[in-house]
Amino acid sequence: MHPDCIFCKIIRGEAPSTMLYEDEQVVAFKDIAPIAPVHVLIVPRLHIPSAAEVTEENTALIGHLIVVAARVAREQGVAERGYRLVTNVGREGGQQVYHLHWHLLGGRQMRGLG
Ligand code: 5GP
Ligand code: ZN
């Protein structure tokens, strides 16, 4: 829990979101500024700033998060066509929110890695 973190606030229900999935470890909610027809953020409840701070103790959590992402992709109807899972790390990685998350992007053809 991190008092100034928008994702911690969403996870605690202190800020609004369109929540699509919740369990003890992971939540998934719609991105507020979608760049694809399906744009969901898959987020561990634990406040880890980015993938750069993931440790061996977190490996089961991260594995579970990928399982959840695949489930949300099926539920959102993009599993068969395919989708993109991406996590941005740091300034040049384009990270804006320093609470670890994966973007689930789908519903249109993805191009490049720009
Ligand atoms: P990053 O650039 O850190 O990988 O991505 C952060 C994402 O969080 C952006 O796509 C941005 O639109 C989204 N975001 C930022 N603030 C909020 C918020 O308050 N609610 C939701 N649902 N998404 C947010
Ligand atoms: Zn946080």
Side-chain angles (χ1 to χ4, degrees):
M1 193 183 320
H2 197 284
D4 297 326
C5 171
I6 181 62
F7 286 0
C8 281
K9 286 181 183 159
I10 288 171
I11 288 162
R12 296 205 301 271
E14 294 169 6
S17 73
T18 302
M19 196 61 75
L20 298 177
Y21 176 89
E22 281 186 87
D23 67 24
E24 319 79 59
Q25 296 186 91
V26 172
V27 305
F29 51 87
K30 289 190 177 180
D31 196 291
I32 201 170
I35 62 162
V38 173
H39 189 172
V40 180
L41 301 172
I42 319 290
V43 187
R45 289 185 184 272
L46 184 65
H47 181 96
I48 300 170
S50 82
E53 286 78 28
V54 170
T55 69
E56 290 291 343
E57 287 173 15
N58 307 131
T59 55
L61 171 63
I62 304 306
H64 176 63
L65 188 146
I66 301 301
V67 172
V68 168
R71 172 181 168 151
V72 173
R74 287 195 300 276
E75 290 173 353
Q76 293 294 304
V78 297
E80 290 202 5
R81 292 163 63 190
Y83 52 91
R84 181 169 284 179
L85 282 177
V86 60
T87 186
N88 298 324
V89 181
R91 184 168 44 86
E92 290 200 354
Q95 189 174 4
Q96 296 174 331
V97 176
Y98 281 80
H99 180 133
L100 181 64
H101 56 279
W102 267 258
H103 297 257
L104 165 58
L105 297 165
R108 66 167 169 82
Q109 181 62 51
M110 298 297 150
R111 301 183 193 282
L113 280 173

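As the structure lists them, so they are numbered: ligands from 1, and atoms in each ligand from 1.
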Original post:
What's the shortest distance from atom 15 (C) of ligand 1 to any protein heavy atom, and which residue and atom give it?
Top reply: V97 CG2, 4.0 Å

Original post:
Counting distance only, does the side-chain N/O of T87 pair as donor-acceptor with the main-chain N or O of H101 below 3.5 Å?
Top reply: yes

Subject >> Electrostatic pair R74:E80 at N-O distance under 4.0 angstrom >> reply: no

Subject >> Worked check of salt bridge (charged side-chain N to carboxylate O under 4.0 Å, His left out) between E24 and R45 >> reply: CA-CA 8 Å; E24 319 79 59; R45 289 185 184 272; over 6 Å; no

Subject >> Within 6.0 angstrom of R81 CZ, more than 12 heavy atoms from elsewhere >> reply: no

Original post:
What atoms of ligand 1 come closer than 4.0 angstrom to any heavy atom of N88?
Top reply: 1 (P), 2 (O), 4 (O)

Original post:
Any chance the rings of F29 and F7 have centres within less than 6.0 Å?
Top reply: yes

Original post:
In H99, which N, O or S atom comes closest to the Zn ion (ligand 2)?
Top reply: ND1

Original post:
Are the side chain of H103 and the backbone N or O of I42 linked by a donor-acceptor pair below 3.5 Å?
Top reply: no

Original post:
By number and element, which atoms of ligand 1 are closer than 4.0 Å to a non-hydrogen atom of Q95?
Top reply: 2 (O), 3 (O)

Original post:
Between Y98 and ligand 1, which residue portion shows a heavy-atom distance shorter than 4.0 Å: side chain, backbone, both, or neither?
Top reply: neither

**OP:** Could you pull out the atom name of the N/O/S atom in H47 that is nearest the Zn ion (ligand 2)?
**Re:** ND1

Original post:
So is H39 polar-close to ligand 1, meaning N/O to N/O under 3.5 Å?
Top reply: no

Subject >> For atom 6 (C) of ligand 1, the protein heavy atom that lies nearest, with its residue and separation >> reply: H101 NE2, 3.6 Å

**OP:** Output the list of atoms in ligand 1 that are nearer than 4.0 Å to some heavy atom of A33, sorted by atom number.
**Re:** 12 (O)

**OP:** Around atom 2 (O) of ligand 1, find the nearest protein heavy atom and jot down its residue, atom name and distance.
**Re:** G94 O, 2.9 Å

**OP:** State, to the nearest 10 degrees, the angle whose vertex is the Zn ion (ligand 2) and whose arms point to SG of C5 and SG of C8.
**Re:** 120°

Subject >> Atoms of ligand 1 close to H103 [distance to a heavy atom under 4.0 angstrom, numbered from 1] >> reply: 1 (P), 4 (O), 5 (O), 7 (C), 10 (O)

**OP:** Ignoring hydrogens, just give me the one of V40, T18, D31 whose non-hydrogen atom is nearest atom 11 (C) of ligand 1.
**Re:** D31

Subject >> Neighbour count >12 (heavy atoms, 6.0 Å) for atom CD, E92 >> reply: no

**OP:** Examine distances only and state if a side-chain atom of N58 and a backbone atom of L61 form a donor-acceptor pair shorter than 3.5 Å.
**Re:** no

Subject >> Selection from I10, I32, V43, L105 by shortest heavy-atom distance to atom 17 (C) of ligand 1 >> reply: I32

Original post:
Does Q76 use its side chain to pair, donor to acceptor, with the backbone of V78 at less than 3.5 Å?
Top reply: no

**OP:** Under 4.0 Å, heavy atoms only, figure out whether ligand 1 is touched by the backbone of L41, its side chain, both or neither.
**Re:** side chain

Subject >> Nitrogen or oxygen atoms of K30 and ligand 1 under 3.5 Å apart >> reply: yes

Original post:
Taking R108 for the side chain and I35 for the main chain, is one N or O donor matched with an acceptor at less than 3.5 Å?
Top reply: yes

Original post:
N/O to N/O below 3.5 Å, does that happen between P16 and ligand 1?
Top reply: no

Original post:
Side chain, backbone, both or neither: which part of I6 has a heavy atom under 4.0 Å from ligand 1?
Top reply: side chain

**OP:** Please confirm whether the backbone N or O of P49 pairs with a side-chain atom of Q95, one donor and one acceptor, at under 3.5 Å?
**Re:** yes

Original post:
Going by the order shown, which atoms of ligand 1 are within less than 4.0 Å of some heavy atom of F29?
Top reply: 22 (N)

Original post:
Any side-chain heavy atom of V43 within less than 4.5 Å of one from L100?
Top reply: no

Subject >> F7 contact mode with ligand 1 (heavy-atom cut-off under 4.0 Å) >> reply: side chain

